[in-house]
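Written below as structure tokens is the structure these notes are about.
Naming convention: chains lettered A, B, ... in sequence-line order (proteins, then strands); numbering from 1 in each chain. If you're wondering where the values come from, they're calculated on a predicted model, not measured in any experiment.
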Amino acid sequence: MAQPIQLYNTLTRQVSPFEPIQPGKVGMYVCGPTVYDRAHVGHARSMVVFDAFSRYLRHRGWQVDYVRNYTDVDDKIIARANERGEEPVALAERFIDAFRQDAEALGLAVPDHEPRVSENIPEILALVQSLVDQGKAYPGSDGTVWYSVASFPAYGKLSGQRVDELRGDLVEGDKRASADFALWKAAKPGEPSWDSPWGPGRPGWHIECSAMSIKHLGETFDIHGGGLDLVFPHHENEIAQSEGATGKAYARWWMHNGLLTMKSGEKMGKSLGNVFDIQDALALYPAEAMRLYYLQAHYRSPLPWGDEALPEALAMLARLYEAIEVAEQMGGDEPAAKVAQDLGKEALTVLELGDRVKDRIYESLDDDFNTSKALSHAFELARAINRFSNHKKAKKRGGPVVATAIAGLRLLGPTLGLLQGSPSDFQDEVKAKRLPSLGLTVEAVEQLLQERVDAREARDWSRADAIRQEIEAKGVLVMDRPDGVEWRIRLS
RNA sequence: GGCGCUAUACCCAAGUGGUCUAAGGGAAUGGUUUGCAAAACCAUGACUCACCGGUUCGAAUCCGGUUAGCGCCUCCA
């Protein structure tokens, strides 16, 4: 059964209980990338946030229909293609492939629908036609069709902009008012174009999202998401076009994720040239570390990007995996309550926090998807587990005590897409991503470690320490465990 | 100029009227543990929530003002 959840709505500027059109079902449309370049870590935030949100809704029993588009017909794509002497369509195709690779590498679930502009031209034309028929749009002499903002009195309700306060006073072409925008752009030579009642042309920037969301989710649907920078004009114009055409309410909830900011405070953006590609980040950090970086802050807050961001997230993730590993190695088969009774208050704390963590995580995420708070509950539990693990009997008898706690930590998988692998897989991934830059291989490390093991057996401490120093100088930590030696990449 | 957002410890960050003598994480310092380490654990760390004033029995949380920064108004997740 779907559970109620509180959600902030940009449209109303307040948090309110989310109520879908159909009980138990959620239709959600999120603005995807314009594919003229590789996606950067700013795009990744949006993708991860909405991926996690849709996961959580599903986990809580909602039937989610998730649509994320590709804008593959666009001025910037054409411009980029011309620069490179490439066909726009081919260039878009290449970057869709690249985006899919990034999405997969980030562990994003594939949306239920991934429509593209180029495959929805009839739907777009129908929408434009409807607006023209109703007198809410008008063709210019060159075949460009403009939307008449004056025809939509509610214009500005999402962004709070007032038409008469808008700065743009440049009037291009046959535009009647400066705020009017192109639904359909007349083709220029060498551009991809489609036939239309107004001559060959292509869709304007905003119309595709209206057409594709309506196609898959209906004229009125539940949630529309995207980056905060899309509020105006993109989303405002979507509302104007869609509601103008259908006469019905468009998206009921608008969710906008905050932007990544640079140390200086300014946002990351392609136009500012300060971007960091997803693939560059994933070359050094596991996807879950990136996800954790995004999810440790509330989705609506600005999030600073810097050199410390990913290392810190990786350290956080390692901490959680460490606790899982320690817990999973505990044995025993007595009733949990009895063991806890015998082993003292650390055990009782684990039992108690373990029992509560699920509800606490749900409670946090139900409150406008407060991932930061949800994570804090997981960390609190991790500390309780670690504290308990120091008990001499914990390894032998603690298993039943930590069972629900492990399940509680693992709950971050289906809800947020975190902690989905085994602790050793996590360590292996970190090693695989880091060893090359350290100039090492698994074999090389393990050979050195074997020499150290031999030295230790011979109680040749100075030799053993010399090897440790050698290996640690290269960035590898050596950990002597009761049952053998382990090694890790040093994270800081 | 218009619309909007943010300001919490060295850093990230939650908290939006009393349970806050302010979660959680990273980093740091000291300790326990260890052959030595690492990891882990313990301790230390904001008498305070940008600043000023107000409302209130009570405010980080509400109101007003000031300062700083950011986003959008042109392409942008």
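Residue A/R13 places none of its side-chain N or O atoms closer than 4.0 Å to OP1 or OP2 of B/C5. At the phosphate of B/C41, OP1 or OP2 sits under 4.0 Å from a side-chain N or O atom of A/N386. Taking 4.0 angstrom as the limit, A/R300 places none of its side-chain polar atoms (N or O) nearer than this to OP1 or OP2 of B/A13. An OP1 or OP2 oxygen of B/A39 is reached within less than 4.0 angstrom by no side-chain nitrogen or oxygen of A/R481. When the side-chain nitrogen and oxygen atoms of A/S301 are compared with OP1 and OP2 of B/A14, one or more of them lie within a distance under 4.0 Å. The side chain of A/N390 contributes no N or O atom lying less than 4.0 Å from OP1 or OP2 of B/U32. Checking the phosphate oxygens (OP1, OP2) of B/C42, a side-chain nitrogen or oxygen of A/R387 falls inside 4.0 Å.
If you check distances only, the side chain of A/D465 does reach the base of B/G35 with a donor-acceptor pair under 3.5 Å. Judged by atom type and distance alone, A/D480 reaches the base of B/C36 through a side-chain donor-acceptor pair under 3.5 Å. With hydrogens and angles left out, the side chain of A/Q161 and the base of B/G2 share a donor-acceptor pair within 3.5 Å. Judged by distance alone with a 3.5 Å cut-off, a donor-acceptor contact links the side chain of A/R456 to the base of B/G35. A donor and an acceptor atom never sit less than 3.5 Å apart when one is taken from the side chain of A/R162 and the other from the base of B/G1.
Annotation: side chain of A/W146 is not in contact with side chain of A/R176 (no heavy-atom distance under 4.5 Å).
Two residues, A/Y293 and A/G160, neighbour RNA chain B, and the one matched to the more 5' nucleotide by heavy-atom proximity is A/G160. The nearest heavy atom of RNA chain B to A/Y299 and to A/P311 marks one nucleotide each, and the one closer to the 5' end goes with A/Y299.
When only modelled atom types and interatomic distance are considered, A/Y29 and A/E238 share no side-chain donor-acceptor pair under 3.5 Å. No side-chain donor-acceptor contact under 3.5 Å links A/S372 and A/Q296. For the 3.5 Å distance criterion, the side chains of A/S364 and A/H377 qualify, holding a donor opposite an acceptor.
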(request) Report the secondary structure of RNA chain B in dot-bracket form, marking unpaired bases with a dot and bases paired to a different strand with |, and treating Watson-Crick or G-U pairs with both distances under 3.5 Å as paired. (result) ((((((((.[[[..)..(.....]]].(((((.......))))).....[[[[[..)....]]]]])))))))....
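Look at CZ on A/R468: it is 9 Å from P on B/A37, rounded to the nearest Å.
Shown here, B/C73 is classed anti by the O4'-C1'-N9-C4 or O4'-C1'-N1-C2 angle, which is more than 90° from 0.
Taking atom C1' on both B/U21 and B/G25, the two are 22 Å apart, rounded to the nearest angstrom.
Here CD of A/E325 is found 11.0 Å from CG of A/N386. Values are rounded to the nearest 0.5 Å.
Evaluation of A/W461 against the base of B/G35 yields a stacking contact (centre distance < 5.5 Å, interplanar angle < 30°).
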